[in-house]
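A quick write-up on the structure given underneath.
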Amino acid sequence: MGTALITGGTSGIGRAYAKALAERGNALVLVARDLDRLEAEADAIRSTYGVEVEVLQADLADRTQVQSVVARLESTVDPITTLINNAGFGLHTDLLTSDTESDERAFDVMVRAVFLLGGAAARTMRRHGSGEIINTSSASAFISQGNYSAIKAWVLNYSESLATQLHGTNVHVTAFCPGWVHTEFHERAAIDASKLPPIVWIDVDKAVREALDYVAKGRVICVPSPQWKLAVGIARHLPRPMIRWVSSKLISSRHKAPDAH
Ligand SMILES: NC(=O)c1ccc[n+]([C@@H]2O[C@H](COP(=O)([O-])OP(=O)(O)OC[C@H]3O[C@@H](n4cnc5c(N)ncnc54)[C@H](OP(=O)(O)O)[C@@H]3O)[C@@H](O)[C@H]2O)c1
């Protein structure tokens, strides 16, 4: 069945991918920073699904540590057949701020690491003649909610470009663009999501199954759930000034905590 490498595989969306891929029989490589959590998650998956699980502790904001994940992706021993390029975090900074630390870390984790890992996986998979890459973008890629939207729009465009370059190689690339998912994301970024209507929330297990189905079929953009397909479908046809107006309303409805990253 092959081996899947999942960045951010210990929590939220990445954890749901880990379970879904283990269920279909893939061995796993889980990547995250917290080693205790990595080992606990690996033990739980081994005992529930009976698959092999490696853990790879790496801070993807650190160029040298990203290189250790690149090396695993390029390894010919037990090659990676599926990459879930997923680790990330929420960001709701002011674009005019002089304190750019969290934005720069966001570029490192959600742009540079995604690019380096995607390239390494694509090279190896193309050589082997097959493979799957899912990059976690977001429904916010289709609106203009600051640097987070801009970064996720990059992930979406990058995925389409990579899919185009790999066309005909039997290596499939999908940009996964979910709406709101109950994970640790909002709490970690001090985003108050408590007043959102239930319809915006999607079932993470269904969403990742949809993305896995998309990548297997070579479909490039996956917006999971009917309600978000409709919302994104409308957004893609609205005039951009209207998108900017909706985006500004969404931004002003957010609670901003001073210590948010
Ligand atoms: N939740 C949503 O509503 C939503 C919607 C659209 C898109 N997304 C995207 O989905 C992806 C996963 O987010 P989530 O919602 O599942 O959040 P989450 O529950 O907070 O999980 C984030 C995962 O990423 C890992 N991670 C974070 N920073 C890292 C770093 N510097 N190096 C290595 N690993 C790191 C975390 O592990 P450690 O802390 O141990 O490193 C954790 O496993 C992100 O790219 C996010 O932008 C989320």
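Whatever order the structure lists them in is the order used to number ligands and atoms, beginning at 1.
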Can an N or O of Ile13 be found at a distance shorter than 3.5 Å from an N or O of ligand 1?
-> yes
Once the angle between the rings of Trp201 and Trp180 is folded into 0 to 90°, is it parallel (under 30°), tilted (30 to 60°) or perpendicular (over 60°)?
-> perpendicular
Hey, does Thr136 come in under 3.5 Å of ligand 1, counting only N/O atoms on both sides?
-> no
Closest to atom 22 (C) of ligand 1 (judged by heavy-atom distance), picking from Gly88, Gly90, Ala207, Gly14 = Gly88
Residue portion contacting ligand 1 (non-hydrogen atoms closer than 4.0 Å) for Ser137 = backbone
Short N or O distance, Ser138 and ligand 1, threshold 3.5 Å exclusive = no
Between Phe115 and Phe107, is the ring centre distance below 6.0 Å?
-> no
Just distances here: any N/O of Arg188 and N/O of ligand 1 closer than 3.5 Å?
-> yes
Tell me which part of Arg105 gets within contact of ligand 1: side chain, backbone, both or neither, using heavy atoms under 4.0 Å.
-> neither
A student checking ligand 1 against Val109 at a 4.0 Å heavy-atom cut-off should list atoms 31 (N)
Would you say ligand 1 has an N or O under 3.5 Å from any N or O of Ala139?
-> no
A student checking ligand 1 against Ala58 at a 4.0 Å heavy-atom cut-off should list atoms 32 (N), 33 (C)
Under-4.0 Å salt bridge between Glu41 and Arg15 | yes
For the pair Glu132 and Arg219, evaluate salt bridge (Lys or Arg N to Asp or Glu O under 4.0 Å) and give the outcome as yes or no after the intermediate values.
-> CA-CA 11 Å; Glu132 301 174 325; Arg219 297 179 69 178; over 6 Å; no
When distances are taken from atom 28 (N) of ligand 1, the protein heavy atom at minimum range is Arg33 NH2, 3.3 Å
Is there a nitrogen or oxygen of Val181 sitting under 3.5 Å from a nitrogen or oxygen of ligand 1?
-> yes
Close side-chain approach of Glu54 to Arg72, heavy-atom, < 4.5 Å | yes
For Ala87, take its heavy atoms, then give the atoms of ligand 1 lying under 4.0 Å from any of them.
-> 24 (O), 26 (N), 34 (N), 35 (C), 45 (O)
protein heavy-atom neighbour closest to atom 19 (O) of ligand 1 works out as Ser11 OG, 2.6 Å
Same hydrophobic cluster for Tyr214 and Val232, using side-chain heavy-atom links shorter than 4.5 Å among ILVMFWY?
-> no
Would Arg105 count as a cation-pi partner of Phe89, with NZ or CZ less than 6.0 Å from the six-membered ring centre and within 45° of the ring normal?
-> yes
